[in-house]
Student: 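Please read through the structure below; I'll follow up with questions.
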Amino acid sequence: MYPSSPQTGPVRNTPYQVVLPFYLYATISFLVATILLFFSSAAFTQHYFHPQTLAVTHVMALGWGTMMILGASHQLVPVLIEGKLHSNFLGYLSFAFAAIGIPLLVYSFYHFIFGLSAQWGAILINIAIIVYLINMAISMSKSKKENIHAVFVFTAALWLLITIVVGLLLVYNFTHNILSYDSLHYLSFHAHIGIVGWFLLTVLGIGSRLIPMFLISKYNNVKLLKWIYGLVNFGLISFIIFFLYFNKTSFYLIPIIAILFAIILFAYFCRKCYAERIRRKVDDQIKMSLLSIGMMALPIIFLIIVIISLLWLANNSQLILTYGFCIFFGWITAIILGMTFKTLPFILWNKTYHTKAGVGKTPNPRELFSNKMFLWMSAAYLFGFVLFAIGILIKNEILLKTAAGLLIIAAVLYNGNVFKMAFHKPKNNG
């Protein structure tokens, strides 16, 4: 989620036509997810393997989080490697395959049908990610610039590929029994590779570049970032080994501690960036993004509670549901809500005003969206998130409906602001 600024050379700029469809698709997906959440709120008082819960989760994971990151990285990676995106066509192709595959898969989950729609949905998503990876790999291979942030992003994409390949196998396993156990057995394996390998590694890599840039901070520590990168990947690899060969619950504390330590180091990195910032005033969008860093701790806390409960108590579905909700509607959503309005305005400013800069009066990128609408969105989102999490824990359907309604309001305001920017028309100033 990196802005294309007026200072960024045309060689490194990816055309907005490649990036914008991902952003708009993700934006609409967020609204769809909150509507599904409202009408499926009762499912969050039941088992976490409920069809409607799976549908909402995959809209958030694929339609919202993944599509937003894919679009942003088409803009970001060329800037990081100081090169050019290998192929705009492959960018369009990746979008097309994912855009068709995601609703097919979500529809199948919602109705718990694992025939051709689920299988083709999963296949198309796999093709989309393979195309994306090819595009990124060739782009990076042509560049002579090595960049730790680009390494984070590319490694995360490899973990995403592993995640969706496992997901494809799980879809086929419902009807063909190709794995040793049923699909529910592999659910945590599939989910955590995606959450940690794809989302966390991407956020750490991109965040460690964007936060210093937006704060205009002098702080940089590549050695610290390498430690963070190593700890996250160690945690992932050890988790896979324990799951496949030593499936004992207490062993999972090892990868959790490694990943928690990586998050603590990242929080330290961000604190140093904040302390050494040149811009003293921090805007609301960055405050939302910094809040998301604190929200990283919530899923970890719930995961530790879940593991302790599995060791000494019965399996607690409500804790697991709250854990998942905190990841997708908490941490990931808070990051996107904040970063969208720090990155998309620059992309759309370039689209409209890049050739007119210096000719006449042009607005600041921040003027392309409504900050008042952003603040109302933030309030509705935070209240909705907290109330829904409480509603899951106490199994209160009235509270769940109320909270889901607030999240719909947040999504509507978010959509309004994004589309306001997307359809912005330049003023005829001399």
Side-chain angles (χ1 to χ4, degrees), residues 1-23 25-26 66-99 124-165 197-213 220-223 225-226 228-230 232-233 339 343-344 346-351 354-355:
M1 284 167 271
Y2 188 86
S4 170
S5 69
Q7 290 74 33
T8 303
V11 174
R12 285 171 276 164
N13 274 351
T14 301
Y16 76 90
Q17 294 95 331
V18 177
V19 179
L20 192 57
F22 287 96
Y23 272 86
Y25 191 98
T66 297
M67 289 296 267
M68 185 66 76
I69 294 171
L70 292 180
S73 58
H74 278 90
Q75 186 79 15
L76 169 67
V77 171
V79 177
L80 293 178
I81 62 176
E82 296 184 7
K84 183 181 177 183
L85 184 68
H86 166 66
S87 170
N88 294 335
F89 173 73
L90 290 181
Y92 294 129
L93 204 60
S94 177
F95 171 78
F97 281 125
L124 288 171
I125 293 166
N126 273 266
I127 294 171
I129 302 309
I130 291 170
V131 170
Y132 165 78
L133 264 170
I134 291 171
N135 207 7
M136 293 298 117
I138 296 175
S139 301
M140 291 180 186
S141 68
K142 289 181 177 180
S143 172
K144 296 178 181 178
K145 177 74 173 180
E146 292 184 9
N147 184 284
I148 184 65
H149 310 286
V151 172
F152 269 89
V153 174
F154 188 74
T155 307
L158 291 174
W159 283 115
L160 172 62
L161 180 61
I162 294 170
T163 303
I164 60 171
V165 168
W198 170 231
F199 287 114
L200 180 60
L201 207 57
T202 301
V203 166
L204 295 176
I206 293 178
S208 60
R209 176 67 184 93
L210 292 188
I211 288 173
M213 186 188 72
N220 187 35
N221 191 331
V222 175
K223 186 177 180 180
L225 293 177
K226 287 180 178 179
I228 293 170
Y229 175 86
V232 172
N233 282 284
M339 284 301 182
T343 60
L344 191 57
F346 283 92
I347 294 170
L348 296 175
W349 186 94
N350 260 0
K351 166 198 165 203
H354 184 69
T355 57

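Numbers here simply count residues along the sequence, with the first being 1. Both backbone and side-chain heavy atoms feed into the values below; hydrogens, waters and symmetry mates do not.
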Student: Working to the nearest 0.5 angstrom, can you tell me the gap between L160 CG and N126 CG?
Tutor: 9.0 Å
Student: Hey, could you give me each pair passing side chain to side chain donor-acceptor pair (under 3.5 Å) that has a residue in residues 132-142? Not counting sequence neighbours.
Tutor: S73-Y132, H86-K142
Student: Could you work out, with side-chain hydrogen bond (donor to acceptor under 3.5 Å, both in side chains) as the rule, every residue matching T163, not counting sequence neighbours?
Tutor: none
Student: Looking only at non-hydrogen atoms, find the nearest pair between A150 and I81 and report the distance.
Tutor: CB-CG2, 4.0 Å
Student: For I211 and M339, run side chain to side chain contact (heavy atoms under 4.5 Å, CB included): C-alpha distance rounded to whole Å, both residues' side-chain angles, the deciding distance at 0.1 Å, then the answer.
Tutor: CA-CA 10 Å; I211 288 173; M339 284 301 182; 4.2 Å; yes
Student: So, taking the atom named CG in L344 and the one named CE in M68, what distance separates them when rounded to the nearest 0.5 Å?
Tutor: 7.5 Å
Student: Please name the pair of heavy atoms, one in V131 and one in L90, separated by the smallest distance, quoted to 0.1 Å.
Tutor: CG1-O, 3.4 Å
Student: What residues, two or more places apart in sequence or in another chain, satisfy side-chain hydrogen bond (donor to acceptor under 3.5 Å, both in side chains) together with K226?
Tutor: none
Student: Report yes if some heavy atom in the side chain of L70 is under 4.5 Å from a heavy atom in the side chain of M136; otherwise report no.
Tutor: no
Student: Distance check, rounded to the nearest 0.5 Å: Q75 atom CD versus L80 atom CG?
Tutor: 11.0 Å
Student: Does the side chain to side chain contact (heavy atoms under 4.5 Å, CB included) test come out yes or no for V153 and I69, once each step is laid out?
Tutor: CA-CA 10 Å; V153 174; I69 294 171; over 6 Å; no
Student: Tell me whether N88 contacts the main-chain N or O of T14 through its side chain, where contact means a donor paired with an acceptor under 3.5 Å.
Tutor: no
Student: How many angstroms lie between atom CZ of R209 and atom CG of N220, to the nearest 0.5 angstrom?
Tutor: 9.0 Å
Student: Side-chain donor-acceptor pairs under 3.5 Å in residues 92-99, sequence neighbours left out?
Tutor:
from: S94; atom 1: OG; to: A128; atom 2: O; distance (Å): 3.0

Student: Please check if the side chain of S143 supplies one atom and the backbone of G83 the other of a donor-acceptor pair under 3.5 Å.
Tutor: no
Student: For the CD1 atom of I138 and the OG atom of S87, what is their distance to the nearest 0.5 Å?
Tutor: 8.0 Å
Student: If you measure from CD1 on I148 to OH on Y229, what distance do you get to the nearest 0.5 Å?
Tutor: 7.0 Å
Student: In the structure I gave you, are the side-chain heavy atoms of N147 and E82 within less than 4.5 Å of one another anywhere?
Tutor: no
Student: How far apart are the C-alpha atoms of V232 and F152, what are their side-chain angles, what is the distance that settles it, and do they pass the side chain to side chain contact (heavy atoms under 4.5 Å, CB included) test?
Tutor: CA-CA 10 Å; V232 172; F152 269 89; 5.9 Å; no
Student: Could you pull out the closest heavy-atom pair between M67 and F22, with the gap in Å?
Tutor: O-CB, 3.4 Å
Student: For F154, enumerate each residue passing the ring pair (Phe, Tyr, Trp, His ring centres under 6.0 Å) test, keeping only those at least two apart in sequence or located in another chain.
Tutor: none
Student: Take L133 and L158, measure what side chain to side chain contact (heavy atoms under 4.5 Å, CB included) needs, and give me the verdict at the end.
Tutor: CA-CA 8 Å; L133 264 170; L158 291 174; 4.0 Å; yes
Student: Under 3.5 Å, which donor-acceptor pairs link side chains of residues 199-207 to any protein atom two or more places apart or in another chain?
Tutor:
from: T202; atom 1: OG1; to: W198; atom 2: O; distance (Å): 2.5

